[in-house]
Amino acid sequence: MRVFLTGGTGFVGAFLSQELILKGHDLTILTRREQPPASLQNGARFVTGDPKQEGPWMAEVPQHDWIINLAGASIFTKWTNEAKKMLHDSRILTTRNLVTALAAGDRRQLFCSTSAPGYYGPRGEEELTEASAPGQDFLARLAQEWEAEAMKAQGLGIRTVITRFGIVLGRGGGMLEQLTPLFKRFVGGPVGSGEQWLSWIHQMDLARAFLFLPEHPDLTGPVNFTSPNPVRNKDFAKALGRALARPAFLPAPAFVVRLILGELADAVLSGQKVLPQKLTTAGFEFLYPTIDQALQNLVGEN
Ligand SMILES: NC(=O)c1ccc[n+]([C@@H]2O[C@H](COP(=O)([O-])OP(=O)(O)OC[C@H]3O[C@@H](n4cnc5c(N)ncnc54)[C@H](OP(=O)(O)O)[C@@H]3O)[C@@H](O)[C@H]2O)c1
């Protein structure tokens, strides 16, 4: 298929790009960068543009069969008013421009747009599926607005899938890249009480779940891209310690996390127990369903 990707230069996008190219897809990546990553230069075609702003790049969109929207400024920053505006604009304006571009074409495309478990807000022990109600905090409201913008494509008759990623575990970025050096230096451990749930997915399963979508046209609307076995934060820390053959005993107390992260701390100190109900019902099989399997594969030293 001819695939058009926003956010293709990022941690998730670069890995997904390589898998799409390996599977024979013809890939176009929209980027603001003058110099795209060397690892992608042989397989992908690059179009320069800022997805937040309307521009000539939009004419490219309807010429593709499959649009994947990953672009979004990182949430791991101090949430000043300016930062919140960038979190918002990089998602909502990008998605709005993509839908406008799709509306101008023949509307035969598959449109996939990203979201996250933050949609559900802090939910304690509740088991959450795609049918669960959204939350009320900043991240939940941002995710709802992001999803609503993408679902306008569905209203135009375009098949739309909202891929709600759990924390993506992979090489070369994301949460593991932040945590692994700490654990290797014997300063890793649970965060806050450690009881909060963490919903996650191995990068290979995320790419495989994307590739599952064109073959399963019944999957539309929100689809949780999370492993079937979410873990408590303290059990994640233990599993990472096991994979790295290091202890995981140094907890990061809640007040320290709040001092460092400000408002973002609430998202880290609480969590969601999300289940991939739609994927499993459709017959998707995870290569890395448990946290030990995922971490042994990604950072295992045994
Ligand atoms: N990583 C995770 O665990 C995780 C979990 C849940 C959801 N997500 C979501 O998945 C998406 C990809 O995550 P990631 O970890 O791959 O992020 P990333 O490495 O930070 O990459 C983000 C991508 O978005 C584009 N981007 C960043 N800031 C932008 C801005 N201000 N305006 C326009 N485009 C901007 C960049 O494209 P260019 O620089 O090429 O223009 C970049 O390739 C994000 O939307 C994120 O919220 C990620």
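On a predicted model such as this, the values are computed, not experimentally measured, just so you know. Remember, it's 1-based here, ligands and their atoms both numbered in the order they're listed.
- Residue Gly166 holds the heavy atom nearest to atom 5 (C) of ligand 1 of all those in Ala143, Ala116, Gly166.
- Atoms CE and CD, from Met1 and Gln109 in turn, are 9.0 Å apart once rounded to the nearest 0.5 Å.
- Put simply, part of Trp146 is less than 4.0 Å from ligand 1, judged by heavy atoms.
- A ring-centre distance under 6.0 Å is found for Phe284 and Phe286.
- Interface of Ile167 with ligand 1, defined as ligand atoms under 4.0 Å from a residue heavy atom, comprises 3 (O).
- The closest approach between a heavy atom of Arg91 and any atom of ligand 1 is below 4.0 Å.
- Residue, atom and distance of the protein heavy atom nearest to atom 21 (O) of ligand 1 are Gly10 CA, 3.3 Å.
- When each atom of ligand 1 is checked for a heavy atom of Thr114 under 4.0 Å away, the hits are 9 (C), 10 (O).
- Across Met175, Arg32, Gln53, Gln203, heavy-atom proximity to atom 41 (O) of ligand 1 is greatest for Arg32.
- Within ligand 1, the atoms closer than 4.0 Å to a non-hydrogen atom of Thr9 are 37 (O), 38 (P), 39 (O), 40 (O), 42 (C), 43 (O), numbered from 1 in the order shown.
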Passes side-chain hydrogen bond (donor to acceptor under 3.5 Å, both in side chains), Ser115 versus Glu147? Steps please. CA-CA 7 Å; Ser115 186; Glu147 295 193 7; 2.6 Å; yes
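- Taking every heavy atom of Ser90 and a limit of under 4.0 angstrom, the matching atoms of ligand 1 come to 30 (C), 31 (N), 32 (N).
- Of the listed options Met86, Arg33, Arg164, Lys52, Lys52 places a heavy atom closest to atom 33 (C) of ligand 1.
- An N or O contact shorter than 3.5 Å links Val168 to ligand 1 by distance.
- For the ligand labelled ligand 1, residue Gly118 lies outside the 4.0 Å heavy-atom shell.
- His88 has its ring centre no less than 6.0 Å from the ring centre of Trp146.
- Note that OG1 of Thr281 and CD of Glu130 are 8.0 Å apart. Values are rounded to the nearest 0.5 Å.
- Rounding to the nearest 0.5 Å gives a distance of 9.0 Å between CG of Leu70 and SG of Cys112.
- If you look at Trp79 and Phe138, their ring centroids are closer than 6.0 Å.
- Heavy-atom contacts of Ala71 reach the following atoms of ligand 1: 24 (O), 45 (O) (cutoff under 4.0 Å).
- The single protein non-hydrogen atom nearest to atom 19 (O) of ligand 1 is Phe11 N, 2.8 Å, given as residue, atom name and distance.
- Val168 and Leu279 fall within the same hydrophobic cluster, defined by Ile, Leu, Val, Met, Phe, Trp and Tyr side-chain heavy atoms under 4.5 Å apart, directly or through other members.
- Heavy-atom neighbours of Asp106 CG from other residues, nucleotides or ligands within 6.0 Å: above the threshold of 12.
- Nearest protein heavy-atom contact of atom 11 (C) of ligand 1 is Leu70 O, 3.0 Å.
- Of all protein heavy atoms, the one lying nearest to atom 8 (N) of ligand 1 is Phe165 CD1, 3.8 Å.
- Atom 13 (O) of ligand 1 has its closest protein heavy atom at Val12 CG2, 3.9 Å.
- With 3.5 Å as the limit, one finds a donor-acceptor pair spanning the side chains of Arg33 and Thr9.
- Close approach of ligand 1 to Gly7 is summarised as follows: ligand atoms under 4.0 Å from at least one heavy atom of the residue are 23 (C), 24 (O), 43 (O).
- For ligand 1, the atoms lying closer than 4.0 Å to a non-hydrogen atom of Thr31 are 38 (P), 40 (O), 41 (O).
- In this structure, Arg2 CZ and Ile67 CD1 are separated by 9.5 Å, a value rounded to the nearest 0.5 Å.
- The pair Lys234-Glu195 meets the salt-bridge criterion, with a side-chain N (NZ, NE, NH1 or NH2) lying under 4.0 Å from an Asp/Glu carboxylate O.
- For atom 24 (O) of ligand 1, a protein non-hydrogen atom is found at a distance below 4.0 Å.
- Side-chain contact check for Ser199 and Gln272: no donor-acceptor pair (N or O, by modelled atom type) lies under 3.5 Å.
- Of the protein's non-hydrogen atoms, the one nearest atom 22 (C) of ligand 1 is Gly72 O, 3.6 Å.
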